[in-house]
Amino acid sequence: MRITILTPFLLLSMTACSSTQQEPVGGGRDAHGCLPAAGYQWCDRTQTCERSWELADAANIEHSAAEIKAYCEIIDSDLLSDDDQ
């Protein structure tokens with residue numbers, strides 16, 4: 001009697017502890033390893049994942065999609081130092 005009661009419980013316990021890997025909710029990363037679900041996007045200028053509102057504050061620019069995009073895009077003239085111009 002005792003075995004018939006414990007057997008379903010043991011089977012259920014083993015099934016619940018299976019080692020199936022599941023992606024965490026909001027854990028998808030982009031090509032650069034940034035977490036878009038957490039507000040991060042890649043910035044070529046800084047070569048890091050940035051949150052747009054934090055970048056806007058740090059770079060002293062307007063927090064808009066156009067300003068962030070313009071700031072993060074690398075333009076050839078931005079790569080020239082003052083000595084090269």
Side-chain angles (χ1 to χ4, degrees):
M1 173 78 174
R2 196 173 194 181
I3 293 176
T4 52
I5 294 174
L6 290 177
T7 302
F9 177 73
L10 291 173
L11 290 175
L12 181 61
S13 297
M14 290 184 343
T15 305
C17 296
S18 66
S19 62
T20 304
Q21 294 287 355
Q22 293 184 0
E23 177 125 358
V25 174
R29 294 182 181 268
D30 67 9
H32 296 283
C34 302
L35 287 167
Y40 288 97
Q41 63 187 28
W42 181 253
C43 181
D44 283 328
R45 182 182 297 250
T46 62
Q47 294 290 297
T48 60
C49 298
E50 302 275 5
R51 286 181 165 154
S52 60
W53 61 92
E54 292 173 347
L55 179 62
D57 287 343
N60 199 26
I61 58 175
E62 181 182 336
H63 181 222
S64 68
E67 285 290 324
I68 298 299
K69 182 179 178 187
Y71 179 84
C72 283
E73 287 179 345
I74 293 181
I75 302 170
D76 289 340
S77 63
D78 291 341
L79 296 176
L80 298 175
S81 67
D82 290 335
D83 297 337
D84 294 340
Q85 293 181 2

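Please read these numbers as outputs of a predicted model, since none were measured by experiment.
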So which atom in E73 and which in R45 form the shortest heavy-atom distance, rounded to 0.1 Å? O-NH2, 4.1 Å
Only distances under 3.5 Å count here; give the side-chain donor-acceptor pairs of residues 50-58 to other protein atoms, sequence neighbours excluded, each with its distance to 0.1 Å.
{"residue": "E50", "atom": "OE2", "partner": "T46", "partner atom": "OG1", "Å": "2.9"}
{"residue": "E50", "atom": "OE2", "partner": "T48", "partner atom": "OG1", "Å": "2.9"}
{"residue": "R51", "atom": "NE", "partner": "A38", "partner atom": "O", "Å": "2.9"}
{"residue": "R51", "atom": "NH2", "partner": "A38", "partner atom": "O", "Å": "3.2"}
{"residue": "S52", "atom": "OG", "partner": "H63", "partner atom": "NE2", "Å": "2.9"}

Let me confirm one number: the NZ-SG distance from K69 to C43, rounded to the nearest 0.5 Å. 13.0 Å
Which atoms form the tightest heavy-atom contact between I61 and I68, and what is the distance? CD1-CD1, 3.9 Å
Inter-residue atom distance C72.SG - E67.CD, 0.5 Å rounding: 11.0 Å
Working to the nearest 0.5 angstrom, can you tell me the gap between L35 CG and R29 CZ? 4.0 Å
Nearest non-hydrogen partners of P36 and G28, listed with the distance: CD-O, 3.4 Å
Ignoring hydrogens, what is the shortest heavy-atom contact between C49 and G33? Give both atom names and the distance. SG-C, 4.1 Å
